[in-house]
Amino acid sequence: MAEAVEKLTKKSEDPSRWYLDLVRMAKMADYGPVRGTFAIRPYGFAIWERIQRDLDDRFKATGHVNAYFPLLIPESYLQKEASHVEGFAPECAWVTVGGDKELEERLAIRPTSESIICDFYRNWIQSYRDLPLLINQWSNVLRWEMVTRPFLRTAEFLWQEGHTVHATAEEARAETLRMLEVYRECFYEKLAIPVLTGVKSPSERFKGAIETFTCEGLMGDGRALQAGTSHDLGQNFAKAFDITFLDENQDRVYPYQTSWGFSTRTIGALILVHGDDRGLRLPPKLAPTEAVIVPIWRGKNKADVRREAEKLYIELQTAGRRMEVDLDEEHSPGWKFNEHELRGVPVRVEIGPKDIEKGKAVLIRRDTGEKEFVPRDGLAARLEELLEEIQANMLRQATEFRDANTRHAASYDEFKEIIENERGFVVAPWDGTEETEQKIKDDTKATIRLLPFEREEGKDLVSGRPGKTAVFARAY
RNA sequence: CGGGACGUAGCGCAGCUUGGUAGCGCGCCUCGUUCGGGACGAGGAGGUCGGAGGUUCAAAUCCUCUCGUCCCGACCA
């Protein structure tokens, strides 16, 4: 055997290098010619398509429809909401020339679409009968990031951004929380990532919002990742863009808005949460291929084994499974085992001469490596069951990891010690001031990831003033 | 944008100190033997050494600028 097989860096040794290796070796993404831009390869995109489909179904189920808005945003639009422009202008890419002529007003390539969408909403909304307006857009956006890495922070990324308008503040807040819940369910049910949900501290709030809610995941290396946010915009944008409507009492009033987004960053979260030293581990519900059949043949019986593998493929595919059969004749079975493990296929089905003789096949699960011999006639049913088990087990493992890495700090020394040596989430009281938040950040690089919905009273570790629990972590 | 490291074949790297015919492993192509945990043999293709200037008879190697990547800080989905 050749000793120089392309080797994946160990996650335990160098998570950062491991991640980049894995993205490349599993053929998920490649660097583009412009800094921070990446091509998402078909395999990575297939995962994104499955996430898209799931979210889209949930959006439709909650009454939303899809639409599309322009890529280019005049600078003056961006400037209408003061904190919004302050937050986003520094990281915009600008178009200054069109058709070889200098433009009179430069155009931002959307970093997010609130401003351009509000410009349309001004005309779309005249009466309370036009509300609520529940629209979602699937699009790409561009942010000129200093430091980038595939999926986790790319200059250009794909996402969905929901933009809704409501007659009352209560309704807007309910929408904001409903969509946070939609994200949370997607994380738990499909991505098998047990995110924490809660409120962002004011300093971490979306620029232009009155409140930001977030889903925070804990990655395999103990760092947190913000993945999915939902913003209550209040009347900030409505006032800035002069969106008004006539209510039942014939008063002209400003509506209340929300926006919420979920991006391809989530693919990075999937990799970091579930991946191991052998490669990716995909939750069955998101895996483009649920199970791959690897035929094991020798020269003399190749035709027979091949025929059985093909039959098995048809059988399982017909039973509703997303299957792949690896009929490649160049690579050895061992090579294929490693390759499909690297790609994270949840189950491998082996079929060889001995199995055919016994009327069985071998199922190997990617999450635990466990192997079982299953009679052919019960195979489809067992596979379906196994996939459910894997999905549940991956969520369980991730939850155990999250809980084992969520610690309560009783003193600031302990807090610092945990952040430095253990990482993970640290739960501690916070007095609600920006100074203590900033001091903790300066001292430890940890930020407030969220304020839980249920908060306990306590004493702030830094100031000693009364506070309520916050969840801290170093984040991506 | 600050501090550090690095750009040489698709991928991983050596060569640079001390200038002188561009190398290695994997991958790729061809043929044969293999195939239950990354098989083996033989042959072959592939590079304006990130880019631009400069020094020199001669630059992957020395100098300047520039672009890009990675790690650490400030910002973010």
Side-chain angles (χ1 to χ4, degrees), chain A residues 1-9 14-17 19-21 24-25 27 30-38 86-92 111-112 140-161 183 200 203-207 212 214-217 225-231 259-269 278-279 294-302 305-306 326 328-342 348 350-356 361-362 364 369 371 373 438 441-442 445 447 474-476:
Chain A
M1 195 247 285
E3 71 284 354
V5 176
E6 230 183 342
K7 225 31 189 170
L8 185 63
T9 310
D14 186 351
S16 175
R17 180 76 205 195
Y19 178 80
L20 296 172
D21 274 1
R24 180 177 56 80
M25 287 167 65
K27 294 195 162 47
D30 276 315
Y31 292 103
V34 176
R35 60 169 296 138
T37 62
F38 296 83
E86 172 203 319
F88 285 102
E91 57 179 23
C92 280
T112 180
N140 56 346
V141 288
L142 189 70
R143 298 179 187 178
W144 214 255
E145 300 290 349
M146 294 299 166
V147 179
T148 66
R149 40 175 29 190
F151 296 120
L152 293 178
R153 196 189 298 106
T154 51
E156 180 186 0
F157 58 90
L158 300 181
W159 73 347
Q160 65 58 220
E161 43 180 328
Y183 290 157
K200 280 291 186 191
S203 73
E204 300 266 332
R205 195 178 282 155
F206 178 79
K207 300 297 181 193
T212 288
T214 182
C215 295
E216 297 282 327
L225 183 75
Q226 173 176 324
T229 45
S230 185
H231 316 293
S259 72
W260 23 276
F262 191 107
S263 75
T264 40
R265 161 178 276 193
T266 311
I267 298 171
R278 308 179 75 82
V294 178
I296 292 155
W297 48 47
R298 288 173 203 282
K300 55 183 190 304
N301 54 27
K302 180 181 280 186
V305 175
R306 188 190 172 103
D326 193 343
D328 185 313
E329 299 192 9
E330 297 304 317
H331 295 296
S332 66
W335 191 93
K336 293 175 184 177
F337 298 165
N338 284 295
E339 186 65 14
H340 296 303
E341 278 165 9
L342 180 68
R348 180 172 76 242
E350 289 177 23
I351 182 149
K354 289 183 238 165
D355 307 309
I356 294 170
V362 191
I364 296 92
K371 195 181 223 188
F373 295 82
Q438 188 62 43
K441 190 171 177 179
D442 292 343
K445 294 180 212 155
T447 50
R474 283 190 189 163
Y476 270 99

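Everything numeric here is computed off the predicted structure, so don't read it as measured data.
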Check the distance between B:G32's P and A:E330's CD and give it to me in whole angstrom. 11 Å

May I ask which nucleotide in the shown strands pairs with B:C31, Watson-Crick or G-U wobble, both distances under 3.5 Å? B:G41

Please state how far atom NZ in A:K27 lies from atom P in B:G10, giving the value in whole angstrom units. 15 Å

Are any non-hydrogen side-chain atoms of A:Q438 and A:S203 less than 4.5 angstrom apart? no

What's the CG-P distance between A:D21 and B:C26, to the nearest Å? 19 Å

Nearest-Å distance, CD (A:E339) to P (B:G27)? 12 Å

Rounded to whole Å, the CD-P distance (A:E329 to B:U30) equals 14 Å

Taking the P atom of each, how far is B:G3 from B:A74, in whole Å? 16 Å

Whole-Å distance separating the CG atom of A:L342 from the P atom of B:G37: 18 Å

Taking the P atom in each of B:G46 and B:C29, what is the distance between them to the nearest angstrom? 15 Å

Rounded distance in Å between the P positions of B:C24 and B:A14: 16 Å

Look up atom CD1 in A:I267 and atom CZ in A:F157, then write down how far apart they are to the nearest 0.5 Å. 12.5 Å

If you look at every strand shown and take non-hydrogen atoms under 4.0 Å, does A:V362 touch a base, only sugar-phosphate, or nothing? base

With respect to the side chain of A:P353, which nucleotide from B:C35, B:G38, B:G36 is positioned closest? B:G36

Calculate, to the nearest 0.5 Å, the distance between atoms CZ and CG belonging to A:R265 and A:L152 respectively. 6.5 Å

Taking the six-membered ring of A:F337 as reference, does the cationic atom of A:R348 (NZ for Lys, CZ for Arg) lie under 6.0 Å from its centre and within 45° of its axis? yes

Atom C1', compared across B:C65 and B:C26: separation rounded to whole Å: 36 Å

Atom CZ of A:R298 to atom C1' of B:G36: distance rounded to whole Å? 7 Å

Once base and sugar-phosphate atoms are separated, protein heavy atoms under 4.0 Å mark nucleotides 67-77 of chain B, 5' to 3', with B, S and - as -SSSSSBBBBB

Under a 3.5 Å limit on both distances, the Watson-Crick or wobble mate of B:U56 is none

Is there a donor and acceptor pair, one atom on the side chain of A:R348 and one on the base of B:G37, closer than 3.5 Å? yes

Separation of A:F206 CZ from A:T214 OG1 (nearest 0.5 Å): 13.0 Å

Can you confirm whether A:F38 sits close enough to A:E156 that some side-chain heavy atom of one is under 4.5 Å from a side-chain heavy atom of the other? no

pair_partner(B:G73), Watson-Crick or wobble, both distances < 3.5 Å, evaluates to B:C1

Going by the angle between their ring planes, with limits at 30° and 60°, are A:H331 and A:W335 parallel, tilted or perpendicular? parallel

Are any of the side-chain nitrogens in A:E329 or A:R306 under 4.0 Å away from the carboxylate oxygens of its partner? yes

Between B:C72 and B:C28, how far apart are the P atoms? Round to whole Å, please. 34 Å

Here the distance between atom P of B:C11 and atom CG of A:L8, to the nearest Å, is 17 Å

What interatomic distance, in whole Å, is found between C1' of B:G53 and the corresponding atom of B:G10? 30 Å

Span that lies between the C1' atom of B:U34 and that of B:U61, in whole angstrom: 45 Å

Separation of the P atoms in B:A59 and B:G50, to the nearest angstrom: 15 Å

Counter-base of B:U17, judged by Watson-Crick or G-U geometry with both distances under 3.5 Å: none

Are there more than 12 heavy atoms of other residues, nucleotides or ligands under 6.0 Å from atom NZ of A:K27? no

Using Watson-Crick or G-U wobble geometry with both distances under 3.5 Å, which nucleotide pairs with B:C6? B:G68

